[in-house]
Amino acid sequence: MGASNGHDPSLRESATFDRHAIAEIQRAAREGIYDIRGWGAKRRVPHFDDLLFLGASVSRYPLEGYRERCATDVVLGDRHASAPLHLDIPITIAGMSFGALSAPAKDALGRGASEMGTSTTTGDGGMTPEERASSKTLIYQLLPSRYGMNPDDLRAADAIEVVIGQGAKPGGGGMLLGQKISARVAQMRDLPEGIDQRSACRHPDWTGPDDLEIKIVELREITDWEKPIFVKIGASRTYYDVALAVKAGADVIVLDGMQGGTAATQEVFIEHVGIPILAAIPAAVEALQELGMHRKVQLVVSGGIRTGADVAKALALGADAVSIGVAALIALGDNAPEHDAGYHAIGSAAGYYDDWHEGRDPAGISTQDDELAARFDPVLGGRRLANYLRTMVLETQTLARACGKSHVRNLEPEDLVALTVEAAAMARVPLAGTRWIPGVAR
Ligand SMILES: Cc1cc2nc3c(=O)[nH]c(=O)nc-3n(C[C@H](O)[C@H](O)[C@H](O)COP(=O)(O)O)c2cc1C
């Protein structure tokens, strides 16, 4: 007998029809349309929390925290590009569109990333002059929608990212609802103001991997073979997708797991399509290793990265760097307790607010309303993001030193064990206390 209404133990909540399921049926019956929201998957799926580091002991030798160096730099895109990215830390800021986010929020992402020597990324809707100015290293996305696509901006960027999909919605396109199509957003996207916009789910000028190869060559020619070309995919058939992207000529693979954030997508998509990043990394690494390209084509992973522990575990599984979206917005001040009254006024609460598509964000981050956007201070936001990144780097180094590594990239699967059989099978590391990796013959 389980009571979960918090009051009367004789009342039993259904595990199948839990309170969220009931509320959603009631909402659908009222409104007649699926729910749209931002953020990433909210239900629990196997994740980095299901892994542990072994640390050092008799058989391994740790490094001294305050005296011995543990480096964190990473080079992205040195396979073909003459000007690869040299980043000081292996944590980058993921592509988030101007339109989804306010111009000051994009500016703040650039400030925080630049202070820490890392990159940030444009998004659906093009590049703003503010983010170009504040970002030392800026990656320019080429998306299926082509909104805001401009060859001059391609050349003004430090790298190009061809977006094939996002972890939150592999196979689906984006949305930007009319509330957020301000005059500036409309002008950048060549769209009418105030009209709901649905982005394309596939590129208009190609139908398969051979066309991707042609597109990559075209982008290299436009940018003089200088800029690294990233290819971003949502985690689904990862082994094959990575192999095809590498064959098409990608310098860097960006792999976004199902927990990955979005600005606005149908909830059914967010929660039910794609695979967790924990399961996708080993499949990507396997494809890269089989092609002899692991560490030659770099792997940047995302989808629910929150702490230095997540970063260290992703690196240990074989990623070269990670990327963050939702966590960066939280660091800027999204969902902060000081806005709780504002969140309550629009039917939410600090820590829960995910209606980013509505453009009513009291924190002034996911909005195009000038009055709300003016509440957000990009200098302060940038400083908070830099502090958060700094903390994650320190955490990552702490764990790497405990595993005896003088560079965070030397973390390896051998440093990890899994807490659950599922995580062991997906991450391809042994179940804690055993030598058993489910599915791997010994
Ligand atoms: C507000 C917001 C806007 C986004 N816009 C884009 C976009 O324009 N293009 C894109 O490729 N991904 C976009 N994403 C997805 C991120 O690039 C990234 O894949 C995802 O946020 C990573 O997962 P995480 O949020 O758990 O860190 C967006 C995510 C958020 C939260």
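For ligands, and for the atoms within them, numbers begin at 1 and follow the listed sequence. Model, not experiment: these values are computed from the prediction.
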Give the numbers and elements of all ligand 1 atoms closer than 4.0 Å to a heavy atom of [X].
X	result
Ile324	27 (O)
Lys232	10 (C), 11 (O), 12 (N), 15 (C), 16 (C), 17 (O), 18 (C), 19 (O)
Gly304	24 (P), 26 (O)
Ala94	16 (C), 17 (O), 18 (C)
Ala263	1 (C), 2 (C), 3 (C), 30 (C)
Val163	11 (O)

Legend entry - Residues Asp158 and Thr137: side-chain donor-acceptor under 3.5 angstrom: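 The criterion, which ignores hydrogens and geometry beyond distance, is not satisfied for Thr137 and Asp158.
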
Inset, instruction - Verify the distance criterion only: is there a donor paired with an acceptor across the side chains of Glu161 and Gln141 at less than 3.5 Å? - result: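 Side chains of Glu161 and Gln141: pair found under 3.5 Å.
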
Inset, instruction - Measure the spacing between CZ of Arg79 and CE of Met293 and express it to the nearest 0.5 Å. - result: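 CE of Met293 is found 4.5 Å from CZ of Arg79.
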
Salt-bridged, [X] to [Y], with N to O below 4.0 Å?
X	Y	result
Arg375	Asp370	no
Asp107	Arg111	yes
Arg383	Glu115	no
Arg155	Asp152	yes

Using a 4.0 Å heavy-atom cut-off, say whether [X] meets ligand 1 through its side chain, its backbone, both or neither.
X	answer
Met96	both
Asp124	both
Thr262	backbone
Glu161	neither
Trp39	neither

Can you find an N or O of [X] that's nearer than 3.5 Å to an N or O of ligand 1?
X	answer
Trp356	no
Leu143	no
Gly261	yes

Inset, instruction - Please work out which of Gly95, Gly325, Gly40 has its closest non-hydrogen atom nearest to atom 14 (N) of ligand 1. - result: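 The nearest heavy atom belongs to Gly95.
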
Inset, instruction - Would you confirm whether Glu221, through its side chain, and Glu218, through its main-chain N or O, come within 3.5 Å as a donor-acceptor pair? - result: no

Legend entry - Pairwise side-chain contact, Lys405 with Asp415, heavy-atom cut-off 4.5 Å (strictly under): yes

Legend entry - Close side-chain approach of Phe376 and Thr367, heavy atoms under 4.5 Å: no

